[in-house]
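If you read the sequence from its start, that first residue is 1, and numbering goes on from there.
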Amino acid sequence: MTLPDPTSEWRKSSASGPENCVEVCLGRPVMVRDSKVSGGPCLAVDSAAWASFLNSLSSR
């Protein structure tokens, strides 16, 4: 399991609302977590996979 560096900068999604909030920590790997549970689990995603995911969103 990969844990984020405690000094890492987390960014909240601009599309997040009061009920569904997502934060991302850009690095290697990219980390994604629920902002309401900042000490909880996070998802580690390969940087290339994250870039592909973002690319798929921009083509919508």
Side-chain angles (χ1 to χ4, degrees):
M1 173 163 51
T2 305
L3 297 175
D5 180 335
T7 63
S8 298
E9 180 180 346
W10 288 86
R11 298 177 183 194
K12 188 173 180 180
S13 169
S14 61
S16 290
E19 295 299 318
N20 48 354
C21 305
V22 174
E23 290 180 321
V24 175
C25 180
L26 300 176
R28 292 200 162 117
V30 174
M31 307 296 264
V32 183
R33 71 180 180 190
D34 181 345
S35 65
K36 296 182 303 289
V37 189
S38 61
C42 54
L43 175 68
V45 181
D46 178 77
S47 299
W50 183 253
S52 178
F53 170 69
L54 293 180
N55 246 357
S56 73
L57 296 177
S58 67
S59 65
R60 290 182 176 196

Query raised in the report: Would a 4.5 Å heavy-atom cut-off, applied to side chains only, mark S47 and V30 as touching?
Result: yes
Query raised in the report: What distance do L43 atom CG and W50 atom CH2 have between them, rounded to the nearest 0.5 Å?
Result: 8.5 Å
Query raised in the report: When clusters are formed by joining ILVMFWY residues with side-chain heavy atoms under 4.5 Å apart, either directly or through shared neighbours, do V37 and W10 land in the same one?
Result: no
Report summary line: In short, V45 meets A49 closest at the heavy-atom pair CG1-CB, 3.9 Å
Query raised in the report: What's the shortest heavy-atom distance between K12 and S35, and which atoms?
Result: CE-OG, 4.2 Å
**Report entry** Taking every non-hydrogen atom, the tightest pair across M31 and C42
**Finding:** CE-SG, 3.5 Å
Query raised in the report: Can you check whether V32 reaches V22 side chain to side chain, under 4.5 Å on heavy atoms?
Result: yes
